[in-house]
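Written below as structure tokens is the structure these notes are about.
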There are 2 protein chains.
Amino acid sequence: MSLATDTTDQLTLYKRIRADIENRILTGEWPPGHRIPFEHELVARYGCSRMTVNKALSELAQADLIERRRRAGSFVRRPQHQSAVLKIADMRAEITALGRAYGYELIGRKLRAATAADRDRLGVKKAAKVVAITCRHSADNVPFAVEDRLIDLASVPDAATADFSREPPGSWLLHHVPWTEAEHTISAIVADDRTAEALDIAVGAPCLVIDRYTWRSARTITAVRLLYPGDSHRLVARFKGG
Amino acid sequence: MSLATDTTDQLTLYKRIRADIENRILTGEWPPGHRIPFEHELVARYGCSRMTVNKALSELAQADLIERRRRAGSFVRRPQHQSAVLKIADMRAEITALGRAYGYELIGRKLRAATAADRDRLGVKKAAKVVAITCRHSADNVPFAVEDRLIDLASVPDAATADFSREPPGSWLLHHVPWTEAEHTISAIVADDRTAEALDIAVGAPCLVIDRYTWRSARTITAVRLLYPGDSHRLVARFKGG
DNA sequence: TTGACTTATATGTCTAGACATATAATCGTG
DNA sequence: CACGATTATATGTCTAGACATATAAGTCAA
């Protein structure tokens, strides 16, 4: 089997080298732990300069496919933990992406000094002002999810005056506070009276719960709880890895 | 404000350049759409060769923080969709990572020709042989999740003879069929009699359901349904992005 | 056998060039 | 004005070197 003739693509050299090695790893020809040829060997094999193979190997290392160790060489990494990329677009995008009509309804909005429960939810210690928002998202006029959100005004003062009667707080935040980090907790509950009514489902029906806690460089921004009807299978995540 | 004096870290030059630009983007100083200085400008500013700033910019482009356009320049990208990295380790790792004792119990294992339902679950059309496995994972002797799995023997013939009485099929597969792709569907149900008994919870209690469908280069491998007690908040996902 | 020192070596970073290539901007023409 | 041809330019890739640095492996003494 030749090295690089299976795909006669118009690839640049370093991309071909990278693809060659990637294929060997993905097909299992070079299993985890296997030592990749040294850079100087690849240089000889492909007849190019070391910078070129270095670029290919560096990208493979960045993708966690190989591990590079000084003096020792480069090695195929063992499959990492399966990690799924869960796309949680903002609700409007999520629903319109499904080809359904997006509907939004503000149920409640309150500006208040943080209660003990608020502080706990946001993970802050000192007293602060917060906005509490409850709203509902619907798809084709059917309830899709209810949202219960807390925004820390110390981090996002503009949220005090923002008009959430038309624009969902998630979309608003996405445009005003980019590049955040977040932590998600996914769980299931059975609907209580209030939830059942909001989602138009039966009391005792299963609900999917996503708690998302968002911050930005150690500053809390918002905590949100999303409730979905449990039978809807909407959190689809694809992942690559092994 | 100086360019690179805030962090006097022992970083290599290209990493410092990358960090400088990244900071400017993350702080909002350079908002989406902003044009990054041209390579030759950065060369002048940092007093280095073009390959060095090119490496910094290439990595930022790989990380989707900037977009590079020939002749036009490099531009700060608008925040992508929030995407969460959902780590779904194999169950043993997941439980031991929590510092709890892992327990495994095979409940049933059947080798059979695929039924219509099996084919549907696996997403294959032609008849095939499958292994159906039901098992339970426990943490500190408390039921943690029940697993209901189907393995396509056409793709993984070894699974026919593998001993799943000691080793969970997930771990086994992870070691025998690396580098797969998968799709997850997350939903919620209420426990029926069988589920309630298996998880040692009340009938009607909420359960979190993860359906994972795994393939490898267009070949179906396995379909698994995991049932967790709904109150356990174990699917924690952190994400970065905006 | 163990620990400290030395050496060899593979990777990490960097340079000062080069040519390729896509494309924004300009210029000319109908 | 519209449209096609030309040009300028920023990025993309590549080279043939260089020195730095971490570390596996070998060496030697206690």
Side-chain angles (χ1 to χ4, degrees), chain A residues 3-5 7-25 30 32-78, chain B residues 3-5 7-25 30 32-78:
Chain A
L3 259 171
T5 42
T7 56
T8 336
D9 295 346
Q10 198 77 359
L11 289 174
T12 57
L13 182 48
Y14 94 87
K15 281 181 182 163
R16 245 188 50 220
I17 299 174
R18 170 159 63 77
D20 279 355
I21 297 172
E22 199 170 327
N23 283 336
R24 284 187 144 87
I25 295 175
W30 288 348
H34 178 90
R35 211 206 73 229
I36 305 269
F38 295 131
E39 290 190 352
H40 66 84
E41 296 178 286
L42 292 170
V43 161
R45 197 184 310 216
Y46 288 95
C48 62
S49 83
R50 193 167 75 93
M51 278 302 285
T52 301
V53 309
N54 182 281
K55 182 161 187 172
L57 292 177
S58 294
E59 290 196 2
L60 288 171
Q62 255 190 298
D64 273 338
L65 264 172
I66 67 172
E67 187 189 346
R68 313 200 72 199
R69 290 206 299 274
R70 270 182 152 115
R71 167 68 211 248
S74 301
F75 301 83
V76 177
R77 283 190 50 140
R78 64 170 53 247
Chain B
L3 259 172
T5 44
T7 57
T8 337
D9 294 345
Q10 198 76 0
L11 289 176
T12 57
L13 182 49
Y14 95 87
K15 282 181 183 165
R16 247 188 48 223
I17 299 173
R18 171 159 61 79
D20 279 354
I21 296 172
E22 197 170 328
N23 282 337
R24 284 186 143 89
I25 294 174
W30 287 348
H34 177 91
R35 211 207 73 228
I36 306 271
F38 295 131
E39 290 190 351
H40 69 262
E41 296 178 286
L42 292 170
V43 162
R45 199 187 305 216
Y46 288 95
C48 62
S49 83
R50 208 189 118 217
M51 277 303 284
T52 301
V53 309
N54 183 281
K55 180 161 188 171
L57 292 177
S58 295
E59 290 196 3
L60 289 170
Q62 253 190 299
D64 274 338
L65 264 172
I66 67 172
E67 187 189 346
R68 312 200 73 199
R69 290 207 298 273
R70 270 181 152 116
R71 165 72 210 246
S74 302
F75 301 83
V76 177
R77 283 190 50 139
R78 66 170 52 246

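Every chain is numbered from 1, with letters handed out A, B, ... down the list of sequences.
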Checklist outcome for this item: Taken to the nearest whole Å, CG/N54(B) to P/dC14(C) is 13 Å
Checklist entry - What is the distance, rounded to the nearest whole Å, between atom CD1 of I66(B) and atom P of dA10(D)? => result 15 Å
Item to check | Gap between atoms CG and C1', on L42(A) and dC14(D) respectively (whole Å) | outcome: 16 Å
Checklist entry - Out of L60(A), L65(A), I25(A), D64(A), which residue meets the side chain to side chain contact (heavy atoms under 4.5 Å, CB included) rule with R77(A)? => result D64(A)
Item to check | Residue E39(A), side-chain heavy atoms: nucleotide from dT11(C), dC14(C), dT15(D) that is nearest | outcome: dT11(C)
Checklist entry - Roughly how many Å is it from NZ in K55(B) to P in dT13(D), rounded to a whole number? => result 14 Å
Item to check | N/O (side chain, R68(B)) to phosphate O (OP1/OP2, dA10(D)) under 4.0 Å | outcome: no
Next on the checklist: Please report the interatomic distance CG(L57(A)) to CD1(I17(A)), rounded to the nearest 0.5 Å.
Outcome noted: 8.0 Å
Checklist outcome for this item: Out of dA10(C), dC14(D), dT13(D), minimum distance to the side chain of T52(A) belongs to dC14(D)
Next on the checklist: Ignoring hydrogens, what is the shortest heavy-atom contact between D20(A) and Y46(A)? Give both atom names and the distance.
Outcome noted: OD2-OH, 2.7 Å
Next on the checklist: Counting primed atoms plus P, OP1 and OP2 as sugar-phosphate and everything else as base, spell out the protein contacts along nucleotides 17-27 of chain D at 4.0 Å heavy-atom distance: B, S or - for each nucleotide, 5' to 3'.
Outcome noted: -B--BSBBS--
Checklist entry - Can you check the R35(B) CZ to dT9(D) C1' distance for me, whole Å? => result 12 Å
Next on the checklist: Just the rounded figure in Å: distance from P of dG12(C) to CD of E59(B).
Outcome noted: 12 Å
Item to check | Side-chain touch Y14(B)/S58(B), heavy atoms, less than 4.5 angstrom | outcome: no
Checklist entry - Does K15(A) place a side-chain N or O at less than 4.0 Å from the phosphate oxygens OP1/OP2 of dG12(D)? => result no
Checklist entry - Whole-Å distance between dT9(D) C1' and H40(B) NE2? => result 9 Å
Item to check | Residue list, side-chain contact (heavy atoms from CB on, under 4.5 Å) with A61(A), at least two apart or on another chain | outcome: I66(A), R68(A)
Checklist outcome for this item: Rounded to whole Å, OH of Y46(A) lies from P of dA16(D) at a distance of 18 Å
Next on the checklist: Over all strands shown, is L57(B) touching base, sugar-phosphate only, or nothing at heavy-atom distances under 4.0 angstrom?
Outcome noted: nothing
Checklist entry - When all nucleic acid strands are considered with a 4.0 Å heavy-atom cut-off, which category describes S58(A): base, sugar-phosphate, or nothing? => result nothing
